[in-house]
Amino acid sequence: MRGALVRPSLVSFVKEPIPVRRKVLPLPEGPEKRASLWNIIKDMIGKDLTRISLPVYINEPLSGLQKFAEDLEYAELLHRAAAAPKGSMERMSYVCAYAISPYSSTAKRSKKPFNPLLFETFEFLCPEKGYRLFTEKVCHHPTIVAAYAEGKDWVYTSSGELRSKFWGRSLELQPIGYIRIKFTDGEEFSFNKVVTSINNVIIGKLTVDHHGVMKIQSSEGAWFGKIRFKDTGVLERKPHQVKGHIEDAEGKKVAALRGRWDEAVVMEVEGKEDVTLWEQAPLPEPLNSHGFTQFACQLN
């Protein structure tokens, strides 16, 4: 049909030569500026921060569109889930691990990405990991980004906004929306993201934490995943903990999930040996000034 959009074959795309990726970031020119967030947003306690202007030097050198690509840093977990039988607990376990994995890239970062322009787009082709991604900013107020990615046996879609509020000592980022993963055999998974907090805004070193409950649902209805990101308190000796479980259709807990969102996730099944579902890739040595993972460096 004349004018029809012809989508290139994913098989031919995966066979393309792997491009040369950036491995390091250049050092900053001159001393890094230190922003006093308290002086900038002290009058915004309890309010939405998306409508105020912030100094450029509190941004990291990535846009909000590029940052979506970090959701697929561990796309191999989706490949493993696709290889597992439809409606199986094995598939659910890998989707649960995948849902946790994107948070690992935030552990050493406290700056915000650049806000993209309305209708700005970003495309990322990744033949070495077997997928391609396209993101677009579709609304300015509130800021809403839509993302689409596809691998050989799965499709990823996401759309939602990020609401931010300042509570005096911390910034709270509340994502609104769901992520959906659909496999070629018809099974579809959906899950929410949890709240992100940037702590010690007034005094001390800025730290990033995630807290809340993530629920993973399957269209087959055979399994249900629930993962709690534990809030790191002042006296907490074990930060970044995640604990959860997988239930069957009758609500019985059949497997436990534990670990850290910046380290690894382990699955425990009674009567069986523990299985490590996911481990974070080694960070660059020495760590670059922005706290980027190796994967984030190549997006810049």
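Quick caveat: nothing in here was measured; it's all calculated off a predicted structure.
When atom types are taken as modelled, the side chain of Q66 and the backbone of L299 share a donor-acceptor pair closer than 3.5 angstrom. The closest donor-acceptor contact from the side chain of D231 to the backbone of H211 lies at 3.5 Å or more, if one exists at all. Between the side chain of K215 and the backbone N or O of N192 there is no donor-acceptor pair closer than 3.5 Å. A side-chain donor-acceptor contact under 3.5 Å links Q280 to the backbone of S104. K86 places a side-chain N or O within 3.5 Å of a backbone atom of D185 that can act as its donor or acceptor partner. Under a 3.5 Å cut-off, the side chain of Q294 and the backbone N or O of K23 do form a donor-acceptor pair. Judged by distance alone, with hydrogens and angles left aside, the side-chain atoms of E247 form no donor-acceptor pair with the main-chain N or O of F224 at under 3.5 Å. Between the side chain of S197 and the backbone N or O of N199, no donor-acceptor pair lies under 3.5 Å. At distances below 3.5 Å, at least one donor-acceptor pair connects side-chain atoms of R91 with backbone N or O atoms of A84. Of the possible donor and acceptor atoms, one in the side chain of D209 sits under 3.5 Å from a partner among the backbone N and O of T232.
In this structure, P17 and P127 approach most closely via the heavy-atom pair O-CG, 4.1 Å. Here the closest non-hydrogen pair linking A97 and W278 is CB-CB, 4.1 Å. The minimum heavy-atom distance linking S159 with I144 is given by the pair OG-CG2, 4.0 Å. Across every non-hydrogen atom of R22 and C297, the tightest pair is CD-O, 3.5 Å. Here the closest non-hydrogen pair linking I58 and K111 is O-CB, 3.2 Å. The minimum heavy-atom distance linking T106 with V208 is given by the pair O-CB, 3.8 Å.
Here CG of L133 is found 8.5 Å from CD of E123. Values are rounded to the nearest 0.5 Å. Note: E187 CD to I181 CD1 = 12.0 Å, rounded to the nearest 0.5 Å. With rounding to the nearest 0.5 Å, the separation of CD1 in I100 from CG in L277 is 8.5 Å. Atoms CZ and CG, on F183 and D153 in that order, are 9.0 Å from each other to the nearest 0.5 Å. Rounding to the nearest 0.5 angstrom, the gap separating the CD atom in E188 from the CD atom in E220 is 10.5 Å. Taking CZ from F292 and CG from L283, the interatomic distance works out to 12.5 Å, rounded to the nearest 0.5 Å.
Looking only at side-chain heavy atoms (C-beta outward), Y156 and F68 come within less than 4.5 Å of each other. Looking at R163 and E161, their side chains come closer than 4.5 Å, going by heavy atoms from C-beta outward. At least one side-chain heavy atom of M89 sits under 4.5 Å from a side-chain heavy atom of V269. Within the 4.5 Å cutoff, the side chain of K230 has no heavy atoms near those of the K243 side chain. Contact check for Y131 versus W154: side-chain heavy atoms found under the 4.5 Å cut-off. Inter-residue side-chain proximity for Q217 and Y178 is flagged as unmet; no heavy-atom pair is nearer than 4.5 Å. A heavy-atom distance below 4.5 Å is found between the side chains of P239 and R260. The shortest side-chain heavy-atom distance between F189 and M92 falls under the 4.5 Å cut-off.
Cluster annotation: F295 and V265 are assigned to the same hydrophobic cluster (Ile/Leu/Val/Met/Phe/Trp/Tyr, side-chain heavy-atom contacts under 4.5 Å, transitive). V145 and L117 fall into different hydrophobic clusters, where Ile, Leu, Val, Met, Phe, Trp and Tyr side chains are chained together by heavy-atom contacts under 4.5 Å. By the rule that hydrophobic residues join a cluster once side-chain heavy atoms approach within less than 4.5 Å of another member, V213 and W261 end up as members of separate clusters. Note on L65: it does not cluster hydrophobically with L118, by side-chain heavy-atom contacts below 4.5 Å among ILVMFWY residues.
Counting non-hydrogen atoms of other residues, nucleotides and ligands closer than 6.0 Å to CZ of F134 gives a total above 12. No more than 12 heavy atoms of other residues, nucleotides or ligands sit less than 6.0 Å from atom NZ of K226. Other residues, nucleotides and ligands place more than 12 heavy atoms under 6.0 Å from the NZ atom of K112.
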_side-chain contact (heavy atoms from CB on, under 4.5 Å) evaluation trace for L171 with S164_ = CA-CA 7 Å; L171 289 171; S164 60; over 6 Å; no

*Carefully, step by step, assess Y94 and L78 under the rule side-chain contact (heavy atoms from CB on, under 4.5 Å).*
CA-CA 7 Å; Y94 280 121; L78 294 180; over 6 Å; no

*Check against side-chain contact (heavy atoms from CB on, under 4.5 Å), L162 and T143*: CA-CA 7 Å; L162 188 65; T143 297; over 6 Å; no

*Go through the steps for H140 and N115 under the test side-chain contact (heavy atoms from CB on, under 4.5 Å), then give the verdict.*
CA-CA 9 Å; H140 191 58; N115 188 12; 4.0 Å; yes

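Sorted by first and then second residue, the salt bridge (charged side-chain N to carboxylate O under 4.0 Å, His left out) pairs involving residues 189-199 (not counting sequence neighbours) are D71-K193.
For the 3.5 Å distance criterion, the side chains of S101 and E73 fail to qualify, holding no donor opposite an acceptor.
Taking the six-membered ring for Trp and thresholds of 30 and 60 degrees, F124 and F122 have nearly parallel ring planes, at less than 30 degrees apart.
R109 meets the side chain to side chain donor-acceptor pair (under 3.5 Å) test with E60, E70; sequence neighbours excluded.
Aromatic pair F229/Y103: ring centres closer than 6.0 Å.
Checked against H210 for a side chain to side chain contact (heavy atoms under 4.5 Å, CB included), the options L173, T196, V195 give a single hit: T196. The side chain to side chain contact (heavy atoms under 4.5 Å, CB included) test with I216 is passed by exactly one of F191, W223, Y98: F191.
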